[in-house]
Every structure is written in structure tokens, then in C-alpha cells.
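Encoded as C-alpha cells, the structure appears first; notes follow it.
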2 protein chains.
Amino acid sequence: MTKRQAPEERSWPPHGFPKAGPDLSDVPEVVVLRLPLYVRALAQLLHAGVNVISSQELGEMLQMTAAQIRKDLSYFGRFGKQGRGYNVQFLLQQLRSILGLERQWNVALIGVGRLGRSIIGYPGFAPEGFRIVAAFDSDPRQIGQVVGGVMVRPVSELEQAIAAQDISIAIVAVPASQAQQVLDLLVRAGVRAVLNYAPVAPQAPNGVKVRTLDPVLAMQTMTYYLYRSLTVHKEDTRKA
Amino acid sequence: MTKRQAPEERSWPPHGFPKAGPDLSDVPEVVVLRLPLYVRALAQLLHAGVNVISSQELGEMLQMTAAQIRKDLSYFGRFGKQGRGYNVQFLLQQLRSILGLERQWNVALIGVGRLGRSIIGYPGFAPEGFRIVAAFDSDPRQIGQVVGGVMVRPVSELEQAIAAQDISIAIVAVPASQAQQVLDLLVRAGVRAVLNYAPVAPQAPNGVKVRTLDPVLAMQTMTYYLYRSLTVHKEDTRKA
DNA sequence: AGCTGTGAAGTATTTCACAGCT
DNA sequence: AGCTGTGAAATACTTCACAGCT
């Protein structure tokens, strides 16, 4: 049973917003979007020396209901012990395994301008197993430069490099005007997961996941609420 | 009628995941999360010289159903003309007004390390009306430096500056370990919208919107699907 | 003829609430 | 006594489908 797509973001999402492609299993996508939150919280708990945690306590940490956590986990197995709770280390390991986080993922970066350079310098990816192993740009002045330990290559070499270097994820950091064509190229090259920093809603075929991170969009969803609370709002938005 | 919170953020959004605080109106939060997508698409259309668009066409652009767009818009008013569609310029202006995008918003940045500097240098905020007018750091070596035209001040001055400079939004770009305490400080100072770049799920009181942008989280939601499609998956995840 | 705006129907997601294990 | 796992109930969200305007 495939499911219908919702738009966005969630980027905050909700991130991946809009999204494309049917689910590959019967696990609701919202559930998958939450799993990394559990992983992050459990890693913290493990680090803090906590051995066992209940869905109640985890829910307080993450500001969600205990029932939701239990239900989410139940899509994948039975990881808890009744009367006790969840073993932090065990649950963490299980979730990491479910999410495919126990391996390294090779990543290509397209666009090494200001934004791309800051992404390649971001220290958060490597410890989580995401290794940027190739960088591309269409600007001839960038080609041949070494950025973050990776030599920048022309986009024309992209397809070949994706295959040769076993790259399954791409990060798009090109101007909005080029994002769609870069995405098309990536899809043709066989990439099926794209983290998009360009402020566009790119079209991707089924089976290709795109998550767009757009800080401006995130801001704009907050101003709505700021604005409301400034002037106490009475419905009167319709035109005359 | 206030509503229940879903997690994120989505950021991932989509986006702010998990989020806090009840809705200030009866408009579903998912709808608010989509409005900026409409704004972005309409701005593109306007730029391209399109005068009128149907929900059908807009839906194709954004990969969503025409009905959803019409329903979303109907929460705020009647902006279209039967038989014709929506006037692009008019609808854009209406949505910008609803989202509070017709004014400038003063923004404070907390944390001017590598990430913070890249945020302050991001050229996407200013054209959308978000102006970073103050920057703070707890590192004495950063104090007094001028970054992106703004002088870095000690965090101790934050509360005073928020009030004095009419700042309603903050961007948190401090290490994860400090994010919660910075957020608490911001809330005490009266900030009610926070764009959080730290990889944590911070707790915020009702009425304070937090959107977390976490590229690692976004990546981790995609590996799930990559992983599934590598080995054709038969349900067998439960422990022995 | 074409398209909006919207109740009603259909899905999806969340929460309840409790049997059953420790 | 405490907590999980899960059907069933409740709620939220999306899509249908059509009256009504242009």
C-alpha cells in the first residue's frame, strides 16, 4: 500500500517538503522522520550514562507523548521490556541499524561557492558517517581547487564519479536557478537521496528522496505566529 | 480550539520538529508551513511574467494537489476568481501579508563561530526582510569583532539588546551543549521565534516557536530509504 | 467551459486504554 | 507497581465532488 505525498520540509520539517516517491514500506513517512530524533536523544542518554529509559521519560525529553514513541517503535519490532522500559544502548543500536547508520555513506557536493564551502567545512557530518568524497562546480575558476581535502571537479565528470566512488547521496548547494538541472543530472547518475540547500521546490521522480533545507522558509513560518500575536487577530482577511 | 503538537520540523522540515506551543488560531500548522512555499512559487511566477494561475497549475509546480492548495487558501479568504484562477500578484501580496512578510524583522544571532559566520554571510535573509542587527558570543576573543557589519557583543548584553533593538527573532548557532541555556535566555528576553542550528531538540514554553535546521537529521531520514532499496526488504527486524 | 470554495467523505496519524509481561 | 505493545477510538488532514460564479 503506497501512500500519498505531502509537501515540504519539514524542513523542517518538516523537512523534505515537498517530497516525491512512494514509500518503500508500510511505515508512515512521519514515523521515519522521527527516528533520527530518537537516535539523537538516545545517544545523549547513552553518553550521560543512562542505561534504561521509559517511553514516558523519552517523551518528556522530546516533547512528545509516550504513546507516540511506543507506536513508532512498534512498526519495527519489540525493543522494550514490560515493567522496565528500553535499554538505551540496545534501542540505539537497533534504530541505527534500521536507519542504515551503521555504515559510511559517500556523499557528493555540488556547488562550492560560499555555501558549499561552509557545508564541506561543517564538522557534523563525518562523525555520523557521512563523508564528502567528491565536489563539483560549473565555474572553471573553482575547478582544480582543493576544498576541505577534496579536489573540485567539473560537473561534466559527475556521472562517472558517482559510479566510481560509490556515491549514494548528494548535497546541492548551487544557485536556485541551477538547482533543478543539477538535480536532474544527479538522478540520471543514479543518486536517490539529495539534500538540497537551494531555495526551490525541485521535481524529482518517484524513488528519489529530496530534503530541502531552507532557512528563509523556516523563518517565514514563524513570522506568521509572531504577526498574529502582535495584533490580536480577528478574522477579516477576505477581500472586499 | 487549540491543537496538538506534532514533532519537528520539519525542518526539515518540515521542518521545527519537535515544536512547542499551541496554535494561535484555528489554522492547522501544516497549512502555515506550506504558505511560504506558495509565496516562493508565486514570486517566481510573477518574475516570469505570469499574471494568472490556477490551483491545478500551481499544484503541478509544487507537486501537490489542486484541492490542497484551494483548501489551504480558503483558511484565509477567497482570493481566486471562479472560471479564471488566481491573480499572481494579488495572491502573493495577500499571502505575504498573512505571513507578516511585508515588514522588516530584526534578528539576533547567537554564536559567531564557523557556522554563525556563515549564517551572517548568507545572502538569502536580507532580501526577504530578515535583518541580522545584533550578534553575540560567549567567547571573549570574539567580543568586539565586527562580523558581517555587526559588532559581536557578550551574551550578558543580550537581554538589554533584544529590547533596545526591537528584535523578535533569534538564530542560535552555538554548540549543542549550550543551545538550551541560550534558548532559555532568549525566552526570558522575550524572543518568541528561534531558528535553531544546534543539533538538539530544545524545550521551549508555549507561545515560543522553535524551528531546528539539522542537516544530519535530514540525511538520516533519507538513509532509511536508501538502505531499504539496497537489499530488497522483507519484514524481519524483530529481535529473536 | 473552466475554475474556485467548501461541505462531506475518505485517509492518515495520534492518542487512549488496557491486556499482559517483569 | 510499572511499563510495553497494540487494537480501537479519536482526531487531524487530504481529497472528492459539486454548487455556483465568470
Side-chain angles (χ1 to χ4, degrees), chain A residues 1-8 10 13-14 17-19 22-23 25-35 38 51-60 62-88 90-91 94 237-239, chain B residues 1-8 10 14 17-19 22-23 25-34 38 51-60 62-88 90-91 94 237-239:
Chain A
M1 185 210 291
T2 53
K3 305 209 324 314
R4 167 89 23 198
Q5 303 305 315
E8 162 322 2
R10 319 61 105 354
F17 213 60
K19 55 202 188 208
D23 287 356
S25 66
D26 51 0
V27 178
E29 173 137 17
V30 269
V31 173
V32 175
L33 290 174
R34 281 191 294 261
L35 295 185
Y38 301 152
N51 289 313
V52 172
I53 191 157
S54 66
S55 57
Q56 180 65 50
E57 294 167 304
L58 192 55
E60 277 155 26
L62 293 171
Q63 310 232 103
M64 51 203 293
T65 67
Q68 180 161 70
I69 292 172
R70 294 201 303 275
K71 180 66 102 178
D72 282 358
L73 297 178
S74 76
Y75 283 101
F76 303 99
R78 278 158 288 141
F79 305 118
K81 284 212 198 333
Q82 284 150 325
R84 296 217 156 281
Y86 300 90
N87 178 295
V88 172
F90 174 72
L91 181 57
Q94 292 294 303
T237 331
R238 33 216 70 194
K239 80 172 164 160
Chain B
M1 185 209 290
T2 54
K3 305 209 325 310
R4 167 85 27 193
Q5 301 307 313
E8 159 163 12
R10 295 265 116 187
F17 213 59
K19 55 200 186 208
D23 286 355
S25 66
D26 52 0
V27 179
E29 174 138 15
V30 271
V31 173
V32 175
L33 291 174
R34 281 191 292 262
Y38 302 152
N51 289 315
V52 173
I53 192 157
S54 66
S55 57
Q56 181 64 50
E57 295 167 304
L58 193 55
E60 276 154 27
L62 292 171
Q63 310 232 105
M64 51 203 295
T65 65
Q68 180 160 72
I69 292 172
R70 293 201 305 275
K71 180 65 101 176
D72 282 358
L73 297 178
S74 77
Y75 283 101
F76 304 99
R78 278 157 289 145
F79 305 118
K81 284 214 198 333
Q82 286 151 324
R84 297 219 156 277
Y86 300 90
N87 178 293
V88 171
F90 175 71
L91 181 56
Q94 291 294 304
T237 331
R238 32 215 70 192
K239 79 172 166 164

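Because only heavy atoms are used, hydrogens play no part in the values below, and waters and symmetry mates are left out as well, while side chains stay in. A note on names: the letters A, B, ... follow the listed sequences, proteins ahead of strands, and every chain is numbered from 1. Being a predicted model, the structure only gives us computed values, none of them experimental.
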Worksheet item: To the nearest angstrom, how far is A/Ile69 atom CD1 from C/dT13 atom P?
Response: 18 Å
Item to complete: Using a cut-off of strictly less than 4.0 Å, decide whether A/Arg34 has a side-chain nitrogen or oxygen near OP1 or OP2 of C/dT14.
Response: yes
Fill in: side chain to side chain contact (heavy atoms under 4.5 Å, CB included) between B/Leu73 and B/Leu91, intermediate numbers included
CA-CA 9 Å; B/Leu73 297 178; B/Leu91 181 56; 4.0 Å; yes
Item to complete: Calculate the interatomic distance between B/Arg78 atom CZ and D/dA19 atom C1'; express it in whole Å.
Response: 15 Å
Practice prompt. Check A/Arg70 against A/Ser55 and note the closest heavy-atom contact, atom names and distance.
Written response: NH1-OG, 3.1 Å
Practice prompt. Take the protein atom CG of A/Leu91 and the nucleotide atom P of D/dT4, then report the distance between them rounded to whole Å.
Written response: 11 Å
Worksheet item: Taking atom P of C/dT14 as reference, at what distance in whole Å does atom CD of A/Glu29 sit?
Response: 12 Å
Worksheet item: Are B/Ser54 and B/Glu57 close enough, and set up right, to give a side chain to side chain donor-acceptor pair (under 3.5 Å), and what steps lead you there?
Response: CA-CA 5 Å; B/Ser54 66; B/Glu57 295 167 304; 3.2 Å; yes
Worksheet item: Looking only at N and O atoms, is any donor in the side chain of A/Arg70 or the base of D/dG5 less than 3.5 Å from an acceptor on the other one?
Response: yes
Worksheet entry | Nucleotide opposite C/dT15 in a Watson-Crick or G-U pair, distances under 3.5 Å | D/dA8
Discussion item. In this structure, how many angstroms lie between the P atom of D/dC13 and the CG atom of B/Leu33, rounded?
Written reply: 10 Å
Fill in: Among D/dC16, C/dG5, D/dT4, the nucleotide that comes nearest once only the side chain of B/Ala67 is considered
D/dC16
Worksheet item: Rounded to the Å, how far apart are B/Glu60 CD and C/dC3 C1'?
Response: 14 Å
Worksheet item: Do the side-chain N and O atoms of B/Asp72 and B/Tyr38 include a donor-acceptor pair separated by under 3.5 angstrom?
Response: yes
Worksheet item: B/Tyr86 side chain N/O closer than 4.0 Å to the phosphate oxygens (OP1, OP2) of C/dG2?
Response: no
Discussion item. Looking at D/dT22, which nucleotide sits across from it as a Watson-Crick or G-U wobble partner, both distances under 3.5 angstrom, or is there none?
Written reply: C/dA1
Worksheet item: Considering heavy-atom distances to DNA chain C, does A/Arg84 or A/Val31 have its closest nucleotide positioned more toward the 5' end?
Response: A/Val31
Worksheet entry | Donor-acceptor pair present, A/Lys71 side chain and D/dG7 base, under 3.5 Å | yes
Discussion item. What verdict does the side chain to side chain contact (heavy atoms under 4.5 Å, CB included) test give for A/Leu62 and A/Leu58, after you've listed the backbone C-alpha separation in whole Å, the side-chain angles of each residue and the deciding distance to 0.1 Å?
Written reply: CA-CA 6 Å; A/Leu62 293 171; A/Leu58 192 55; 4.2 Å; yes
Worksheet item: Could a donor-acceptor pair under 3.5 angstrom be found where the side chain of B/Gln82 meets the base of D/dT22?
Response: no
Discussion item. Looking at C/dT14, I'd like to know if its phosphate oxygens (OP1 or OP2) sit under 4.0 Å from a side-chain N or O belonging to A/Thr65.
Written reply: no
Worksheet entry | Interatomic distance where CZ belongs to B/Phe79 and P belongs to C/dT6 [whole Å] | 11 Å
Worksheet item: Quick one: A/Gln68 CD to D/dC3 P, roughly how many Å, whole number?
Response: 19 Å
